[in-house]
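Following: one structure in structure tokens, then a few remarks.
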Amino acid sequence: MFSKKLTAILLLAPFVFAAPVEDVGKRQSVDTSQHCGQWDTVTAGQYTMYLDQWGKDNASSGQSCANVVSLSGTNLAWQNTWTWQGGSGVKSYTNINLNANLNKQLSAIQNIDAAWSWSQTTSGSIVANVAYDLFTSSSAGGSNQNEIMIWLANFNAGPISSQYNSDGTPKPVASNISIAGHTWNLYSGSNGANNVFSFLLTSGTAQSFSGDLNLFLKYLTSSQTLSTSQYLTTVQGGSEATSGTAVLTSSTYSVTIA
Ligand SMILES: *[C@@H]1O[C@H](CO)[C@@H](O)[C@H](O)[C@H]1NC(C)=O
Ligand SMILES: *[C@@H]1O[C@H](CO)[C@@H](O)[C@H](O)[C@H]1NC(C)=O
């Protein structure tokens, strides 16, 4: 902790005292060091990277570490290395949180352009997803009422669901929905605090996703129970990690609300 702060000060010092004007544009004013603290954050452009290891105490051992690789315009490259053993439930949701243009009413959102190219290496079997996580509220900046998840990959995990098939698998409330060039099943249920809508791919993974996340919200307002008067309070993307060992490398991550 101390050494990280010291490094940041040392990197800043020449900039503050001696940076020639022509160097300012090239200089990455972003912290690219590795962070492993349970609640560490790194702000980069319009994003904050949250380590968010909220279930850490439920693991017998393990941690999530992440670093920003680079920031260019709205495009963030980042890496997340995690390992979790034991316990139950999600241990971490290390994610990139958008800080710009939130708290619009759903009816006022034109689009949410998103691009996410990622790859993952694992050792052994893992339980995790790679997913966007959005929240809505009845007021701007208010408490969450609805959670909307868009899973780009499901590794032996499963969505929250209020209904199950006789074989114990979660039962979708809608199937084979075409949005953003992929086919999805929609699951619905409660996490105790929020209604949770989860879009899961009918097959495979989307490792170079590019699309308008607002189309998922529009589907929910036109075909499900989500109200257009709700406000979009949160847009995040990351991996909910339950168990195993993985390195998630995101070469492109960009979300912009208009
Ligand atoms: C975390 O552990 C506690 C205590 O064992 C348990 O009650 C709780 O359900 C666990 N949470 C999850 C998400 O597994
Ligand atoms: C979804 O599409 C698959 C493949 O075409 C098909 O087998 C399945 O019956 C469809 N599910 C529903 C509920 O329509």
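Order of appearance sets the numbers: ligands from 1, and atoms from 1 within every ligand.
Checking only distances, N176 does come within under 3.5 Å of ligand 2, N or O to N or O.
Q53 contributes a side-chain N or O that, together with a main-chain N or O of G37, makes up a donor-acceptor pair within less than 3.5 Å.
If you chain together hydrophobic residues whose side chains sit under 4.5 Å apart, W151 and L248 never meet in one group.
For atom 7 (O) of ligand 2, the protein comes within 4.0 Å by no heavy atom at all. The presence of a protein heavy atom under 4.0 Å from atom 14 (O) of ligand 2 is confirmed. For atom 3 (C) of ligand 2, the nearest protein heavy atom lies closer than 4.0 Å.
Using the six-membered ring where Trp is involved, Y253 and Y132 have ring planes that are tilted, between 30° and 60° apart.
Q230 and N146 form a side-chain donor-acceptor contact under 3.5 Å, judged by distance and modelled atom types alone.
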